[in-house]
Each structure stands twice: as C-alpha cells, then as structure tokens.
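Residues take their numbers from the sequence shown, with the count starting at 1. Computation of the quantities below employed the complete heavy-atom set of this structure, encompassing side-chain atoms and omitting hydrogens, waters and symmetry-equivalent molecules.
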Amino acid sequence: QVQLVESGGGLVQPGGSLKLACEASVIIYRIGVIDSMGWYRQAPGKQRELVAVITNGGSTTYADSVKGRFTISRDNAKNTVHLQMNSLKAEDTAVYYCNADIEIRYLNGTYKGQREYWGQGTQVTVSS
C-alpha cells in the first residue's frame, strides 16, 4: 500500500560524507499530507534511536550526537526526505530507517486514514 524506499547508504571512511534519500509512494490510493518525515538508526545490540526529523512546515529536530554534522531536508512535491551526513564517525555506523507520518486518501480525495510508516532500512558503515 505505502512504501518508503531508502537509498544512499554504503561504506565510507571516517570524516567522509553520505547522503540518504527516502521517497514515499502509494499504490491504489494517494498521499495527502505527510506531517513529519525523519530518520532513525539502529546499531547492533542497541535500541533504535531518533537521528533527525522534519515537519511539514520545515521545523527540524536532531539528536545531540549529530547536531552540526547532519542536515535533514524534504521535498514536499516529491514526498522525499534527505539526510546529508558529514564528518561521519565510526559510531554513526548503523542501519538507518526512514519514518513518515502519512495521510492516505482515496483517489476521489476522501480521507482514508493516517498512520506511521517505516522503510526497510539502509546500512551505513563508517570504517577505515
């Protein structure tokens, strides 16, 4: 029904950069408003944690550990969110998951529902 497709993960050396992308799409229905879009990550043996989130109005929240290094942005017309990651550290190694709070409408525009969706995850490995 709703898919969040992530891309951009990979292997990078410490101090390097990566840019993640996540696009929301829907089959049969159509997307209304996406209230918030964000990125979470989960390292081996650890709980999933918030990395960054951006609201429909453009307000952003970052984890303290990534402030000043990561930048989240979104393109509402394309239902896409990006995460620019600079000055990467070994401790940034994790599976990164896209998250979105999406309103779904029938093709005639009638409200169907709203819920939270997750992507399948993309691996980011920071290692020399």
I'd like to check R105 versus K112 (side-chain heavy atoms, cut-off strictly below 4.5 Å). Are they in contact? no
Are W118 and E6 packed together at the side-chain level, in the sense that at least one heavy-atom pair is separated by less than 4.5 angstrom? no
If you define the side chain from C-beta out and look only at heavy atoms, does anything of V81 sit under 4.5 Å from W39? yes
Are the side chains of V26 and I28 in contact, using a 4.5 Å heavy-atom criterion? no
Give me the atom names and distance for the closest heavy-atom approach of A63 to L50. CB-O, 3.3 Å
More than 12 foreign heavy atoms under 6.0 Å from CD of Q42: is that the case here? yes
What closest approach, in Å, do Q120 and V5 show between heavy atoms, and which atom pair accounts for it? OE1-CA, 4.2 Å
Specify the closest pair of heavy atoms between H82 and A21, including all atoms of both residues, with the distance to one decimal. CD2-CB, 3.6 Å
Taking C-beta and beyond as the side chain, do Y117 and Q1 meet within less than 4.5 Å on heavy atoms? yes
Minimum heavy-atom distance between L88 and R69, given as atom pair plus value: CA-NH1, 3.9 Å
Rounded to the nearest 0.5 angstrom, the CG-CE distance for D101 and M37 is 10.5 Å
Using a 4.5 Å cut-off on heavy atoms from C-beta on, say whether the side chain of I104 contacts that of V2. yes
Is there a donor-acceptor pair under 3.5 Å between the side chain of R74 and the backbone N or O of T55? yes
Would I31 and I27 show up in the same hydrophobic cluster when neighbours are defined by side-chain heavy atoms closer than 4.5 Å? yes
Spacing of S25 atom OG and L4 atom CG [to the nearest 0.5 Å]: 8.0 Å
Quick one: do D92 and K89 make a salt bridge, cutoff under 4.0 Å? no
Ignoring hydrogens and geometry, is there a side-chain-to-backbone donor-acceptor pair from Q114 to E103 under 3.5 Å? no
Quick one: is the NZ or CZ of R30 closer than 6.0 Å to the six-membered ring centre of Y106, and within 45° of its axis? no
Taking C-beta and beyond as the side chain, do N56 and I34 meet within less than 4.5 Å on heavy atoms? no
Check ion pair E23-K78 (N to O, under 4.0 angstrom): no
So, do N99 and E116 sit near enough that their side-chain heavy atoms are less than 4.5 Å apart? yes
T93 and E91: side chain donor to acceptor below 3.5 Å: no
Donor-acceptor pair, R41 side chain versus V51 backbone, under 3.5 Å? no
ring-ring contact (aromatic ring centres under 6.0 Å, His included) between Y40 and Y96: does it pass, once the steps are laid out? CA-CA 6 Å; Y40 289 71; Y96 284 69; over 10 Å; no
Donor-acceptor pair, distance only, cut-off 3.5 Å: does the side chain of Y62 make one with the backbone of I72? yes
Identify which one of L18, T71, V12 satisfies the side-chain contact (heavy atoms from CB on, under 4.5 Å) criterion when paired with M85. L18
If we ignore angles and hydrogens, is there a donor and acceptor under 3.5 Å between the side chains of N86 and S17? yes
What are the two closest heavy atoms between S128 and P14, and how far apart are they? N-CD, 3.7 Å
Between V124, L20, V66, I54, which is the residue that forms a side-chain contact (heavy atoms from CB on, under 4.5 Å) with L83? L20
